[in-house]
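Per chain, numbering begins at 1; letters A, B, ... match sequence-line order.
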Amino acid sequence: MLEKHYSPSDIESRIYQQWDDAGTFRGGRKNADGTPAEPFSIVIPPPNVTGSLHMGHALNNTLQDVLVRFERMRGKDVLWQPGTDHAGIATQSVVERQLMERQLPDRRAMGRAAFVERVWQWKEESGGTITGQLKRLGASCDWSRERFTMDEGLSRAVTKVFVDLYRQGLIYKDKRLVNWDTKLLTAISDLEVQSVETKGHLWYFRYPIKNPGKLKQKFIVVATTRPETMLGDTAVAVHPDDKRWTKYIGKMVELPLTGREIPIIADEYADPEQGSGAVKITPAHDENDFEVGRRHDLPLINIFDQHGAMNENVPEAYRGMDRFDARVRIVADLEALDLVEKIEPHLLKVPKGDRSDSIIEPWLTDQWYVDAKTLAGPAIQAVEDGRTVFVPKNWEKTYFEWMRNIKPWTISRQLWWGHQIPAWYGPDGEIFVAFNEAEAQALAEAHYGKPAELRRDEDVLDTWFSSGLWAFSTLGWPDETPELARYYPTSVLVTGFDIIFFWVARMMMLGLHFMHEVPFHTVYIHALVRDEKGQKMSKSKGNVMNPLDLIDEYGADALRFTLAAMAAQGRDIKLSANRVEGYRNFATKIWNAARFGEMNGCKSVADFDPSSAKETINRWIAGEAQRASAAVTEAIEQQRFNDAANAAYQFVWHTFCDWYVELAKPILTGASETARAETQAMFAWTFDRILALLHPFMPFITEELWQRTGEAVGGRDSMLIVAPWPELSSLEDKAADAEIAWVIEFVSEVRSVRSEMNVPPAAQVPLVISGAGDAVKARAERHRDTLARLARLSAMRFEAAPPKGAVQIVMKDAVLALPLADIIDLAAETDRLRREIDRVKGEIAKLDQKLSDEKFTARAPDHVVEENRERLANAAAAEKRLHDALKRLEAAA
RNA sequence: GGGCGGUUAGCUCAGUGGUAGAGCGCCUCGCUUACACCGAGGAUGUCGGGAGUUCGACCCUCUCACCGCCCA
């Protein structure tokens with residue numbers, strides 16, 4: 001006997017263990033005839049190995065699991081490839097912080113080997129957290145194939161990709177301005193920089209012009225948001241067409257505080273509309289200025305050290321000062337010299353590191369780059385051709401936009417945690433890129449004609465460099481494994497829009513380059529999970545909802561169902577706990593439906609054929625089940641998760657529980673043995689399909705009920721997770737549908753009127769049907785018990801006309817009368833009928849107008865015109881019956 | 001500045017060229033032998049403003065307003 005309430009925590013871990021133990025998550029499924037099943041593969045977006053599950057993961061993995069479970073039930077050979085990434089900067093930072101908190105020597109003090117060892121330890125400690133949490137969510141990944149970006153195999157893939165790209169000229173080393181994080185002391189890529197709008201100032205400085213002679217201006221005014229960079233200025237630029245300054249071009253300026261002289265140059269970068277039209281040029285500390293410097297062959301003066309403090313290239317007074325302290329000091333010093341023209345408040349975009357939140361400095365260093373432009377070509381082409389499709393499609397625009405304007409990808413990081421770059425340097429700085437040190441030595445020997453002392457590049461690669469290989473490295477590449485042949489290209493990638501550039505684009509580029517095929521056919525992009533007010537969840541706002549707390553409180557199924565039901569394409573999810581609670585209630589509802597079946601002897605019958613059912617409600621529910629399963633199937637196929645979830649919800653609660661169960665009750669307790677047996681079997685058959693349809697969304701409760709209800713028939717053939725998906729056909733019966741629709745209308749109408757007339761719910765009242773044809777009479781007769789029970793009738797009889805003083809319900813094909821003379825409020829009832837008449841009249845007027853418009857009848861499609869004619873006829877008939885009813889009522893008064 | 005998205009019931013959101021929907025909330029009633037994590041009934045919308053296309057627009061086009069996000 002099932003308990004009254006479903007208690008998720010009692011069963012979730014046990015059920016999960018059963019699935020895992022039975023190997024149901026493993027790929028490699030065969031068809032019944034032993035041939036390999038059609039493959040369906042997904043690679044998980046690898047979470048940070050030391051991270052923990054947040055709502056974004058919960059959504060992302062729920063959607064993947066829905067697809068995976070759906071396809072598994074459809075008999076496909078499903079591989080959901082799980083794993084984690086090493087999250088270079090994030091993980092290294094965590095460990096460094098730990099060292100600091102425990103007052104241990106920092107990483108430099110302990111040395112590279114010891115530090116990396118320590119990070120591995122941390123990975124061992126916390127690395128299982130997130131995978132454990134994914135299991136609590138119900139994720140049916142093939143854990144036997146779990147991978148980590150720094151695994152031996154994946155590392156080999158990284159090395160090979162680096163070496164190959166280098167030898168193909170697609171990876172190179174260059175000295176350019178990079179985004180330098182002065183806190184983490186590493187370069188980062190453009191994508192890891194966020195511009196943050198900040199209130200600042202615009203400082204206008206007067207730079208004295210040297211030997212102005214007869215010229216009007218003795219100073220040239222330049223504006224800057226970063227006064228401290230003036231120490232690195234190497235020119236002042238004006239626009240070549242700016243007449244105000246033409247005569248000054250070629251003159252020198254005395255750069256204050258430095259004793260240096262710099263030229264006034266003409267360059268189109270200077271905007272005549274801005275300020276004085278002159279702009280200071282600091283080629284070593286600004287991307288645009290760097291370009292100007294390159295055009296004019298200006299010297300680059302680097303004024304910062306790696307921490308963002310002033311270095312030896314600035315006057316002694318400022319050396320060693322932090323950049324922001326230097327700013328204050330420089331402004332003060334210039335003011336003292338009366339060289340500050342004005343200071344204005346100014347809104348500017350400040351670049352910040354997404355990990356460190358510190359202000360990023362464009363800084364001149366040697367770094368490794370990938371020639372992304374070349375790799376992007378085929379990746380753009382593949383989406384243009386439709387070999388990879390984005391869902392929703394509009395994300396393709398975002399993808400194209402970025403890909404077509406792609407810049408070189410900075411892949412080196414000044415970190416220790418990650419894949420160390422396979423490059424070695426000879427004594428003269430010659431670079432040898434090789435698979436390993438031995439090969440590098442051999443290359444060096446060939447180059448120098450003798451063995452040479454080599455030094456390995458200390459830097460590691462961007463984590464996304466290894467995640468960019470994820471779709472094939474996890475399948476065994478560079479080895480030619482059977483899995484690679486079978487599961488690549490993968491079927492679909494499910495991910496958030498925030499990593500289209502970071503990850504999707506890179507997998508496209510690298511997948512096409514090394515596998516010559518797209519990494520996935522479909523990219524399903526889902527939205528962000530926000531709080532109920534639409535705010536992004538963040539620790540600092542304190543509005544973070546922890547998926548594990550929700551699972552504890554409401555069960556994994558409820559959380560999953562909520563996320564799926566809210567995952568409408570192209571829209572963010574505003575999550576609130578009471579929505580989850582609502583779907584927890586849904587789980588309880590399902591549980592109780594099972595309980596009802598159990599109490600009424602509804603057991604699955606092995607060879608039951610639903611199309612053989614005789615009872616109208618059974619013929620009807622079979623058709624409803626077919627429609628529901630078609631709707632759910634189609635929606636999942638199109639990745640319309642909310643539609644799928646809602647179709648299932650609607651069917652289960654409002655069709656099956658609200659009506660079928662109620663309609664079945666009289667039969668289940670009735671006299672006819674055959675009808676009862678058929679209904680018991682049909683209930684069980686339908687409920688089994690319900691469990692299957694819901695399984696992708698609510699795997700735990702459905703599996704539990706599948707097993708529990710299976711006990712009554714000596715156990716199930718298989719677990720639900722691998723049971724067949726309902727694919728139903730030929731079960732629709734229009735006559736049954738019409739009849740049950742009539743019953744439902746009958747009951748609803750009577751209930752509605754009873755409620756409106758304040759008939760006590762417990763009171764059973766007689767009902768008179770009049771104006772009914774033989775077919776309607778027969779119909780009412782057939783469902784006499786049901787109608788009486790659900791509408792709470794004491795008697796039901798047929799008469800030529802409704803009795804006087806009765807409440808009358810006008811249906812399409814009959815008038816139902818409740819003789820309530822003693823309790824009826826005549827005025828209220830008259831009022832009710834008048835309102836009804838008004839409503840119908842309004843409808844008639846609208847339809848009349850439409851149908852008398854020749855343009856409408858001539859141009860609208862026939863079926864629409866026909867439909868409107870029918871509606872008019874029905875409305876007119878209803879109006880007549882209502883009028884009759886009103887007359888009768890008035891006669892009774 | 002460029003791009004994308006949004007504006008539909010109190011709230012959160014579906015939706016389609018042909019009679020405006022769901023969940024939650026709200027109101028009334030009810031312990032009817034699956035379920036009060038429930039049942040029955042009910043109220044609530046100028047579908048952001050304006051113009052156009054169309055026999056017909058919540059839906060298509062244009063425009064305006066406001067709100068988000070991404071990229072410069």
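Looking at heavy-atom distances under 4.0 Å, A:Asn394 makes contact with sugar-phosphate atoms alone, never a base. Within 4.0 Å of A:Lys407, counting heavy atoms only, lies no atom of the nucleic acid at all. Using a 4.0 Å heavy-atom cutoff across all strands shown, A:Thr588 reaches at least one base atom of the nucleic acid. Looking at heavy-atom distances under 4.0 Å, A:Asn600 makes no contact with the nucleic acid at all. Note on A:Glu662: a base of the nucleic acid sits closer than 4.0 angstrom, heavy atoms only. Residue A:Ser752 is in sugar-phosphate contact alone, with no base atom involved, counting any heavy-atom pair closer than 4.0 Å across all strands shown.
Contact check, A:Asn585 against B:C38: a side-chain N or O comes under 4.0 Å of OP1 or OP2. Contact between the side-chain N/O atoms of A:Lys4 and the OP1/OP2 oxygens of B:C38 is not found at any separation under 4.0 Å. For the pair A:Trp653 and B:G39, the criterion of a side-chain N or O lying under 4.0 Å from OP1 or OP2 is met. Residue A:His654 places at least one side-chain N or O closer than 4.0 Å to OP1 or OP2 of B:G23.
Across the P atoms, B:U33 and B:A22 are found 29 Å apart, a figure rounded to whole Å. B:G45 and B:G30 have their P atoms separated by 28 Å, with the value rounded to a whole Å. When the C1' atom is compared between B:C59 and B:U32, the two are found 44 Å apart, to the nearest whole Å. A gap of 23 Å separates the P atoms of B:A34 and B:G23, to the nearest Å. Here the separation of B:U61 from B:U7, taken at their P atoms, is 15 Å to the nearest Å. Between B:A20 and B:C47, the two P atoms lie 11 Å apart (nearest whole Å). Rounded to a whole angstrom, the distance from the P atom of B:C60 to that of B:A72 is 31 Å. The gap from the C1' atom of B:C11 to that of B:G49 amounts to 24 Å, rounded to the nearest Å.
Using the Watson-Crick or G-U wobble rule with both distances under 3.5 Å, B:A51 pairs with B:U61. B:C66 and B:G6 make up a base pair, with Watson-Crick or G-U wobble contacts both under 3.5 Å. Nucleotide B:A36: unpaired (no Watson-Crick or G-U wobble partner with both distances less than 3.5 Å). Pair check for B:U46 finds none; no Watson-Crick or G-U wobble contact set falls under 3.5 Å. Of the nucleotides present, B:C13 is the one that pairs with B:G21 by Watson-Crick or G-U wobble criteria, both distances under 3.5 Å.
Considering only side-chain atoms of A:Pro761, the nucleotide from B:A34, B:C29, B:C4 that sits closest is B:C29. Listed nucleotides B:C35, B:G41, B:C4 differ in distance to A:Lys397; the shortest reach to its side chain belongs to B:C4. Closest to the A:Lys349 side chain, of the nucleotides B:A72, B:C37, B:C71, is B:A72.
One N or O donor and one acceptor, one from the side chain of A:Arg584 and one from the base of B:C37, sit under 3.5 Å apart.
In this pair, A:Phe656 and A:Phe683 present their aromatic rings tilted. The plane angle is within the 30 to 60° band. Between A:Trp742 and A:Phe746, the ring planes lie tilted relative to each other; the angle falls in the 30° to 60° range. In this structure, A:Phe586 and A:Tyr649 have tilted ring planes: the angle between them lies in the 30° to 60° band.
For the residue pair A:Ser9 / A:Asp552, no side-chain donor-acceptor distance below 3.5 Å is found, with atom types taken as modelled. No side-chain N or O of A:Asn874 forms a donor-acceptor pair with one of A:Arg871 less than 3.5 Å apart. No side-chain N or O of A:Tyr6 forms a donor-acceptor pair with one of A:Asn592 less than 3.5 Å apart.
The CZ atom of A:Phe596 sits 13.5 Å away from atom CG of A:Leu2, with the distance rounded to the nearest 0.5 Å.
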Identify the pairs formed between an N or O of the protein and an N or O of nucleotides 15-20 of chain B at a distance under 3.5 Å, and give each distance.
residue : atom : partner  : partner atom : Å
B:G15   : OP1  : A:Arg640 : NH2          : 3.2
B:U19   : OP2  : A:Arg871 : NH1          : 3.4

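Other residues, nucleotides and ligands contribute over 12 non-hydrogen atoms within 6.0 Å of the CD atom of A:Glu3.
Between A:Glu662 and A:Lys665 there is a salt bridge, with a side-chain nitrogen of the basic residue lying less than 4.0 Å from a carboxylate oxygen of the acidic one.
Mapping A:His5 and A:Met599 onto RNA chain B by nearest heavy atom places A:Met599 closer to the 5' end of the strand. Looking at which nucleotide of RNA chain B each of A:Phe586 and A:Glu401 is closest to, the 5′-most match is held by A:Glu401.
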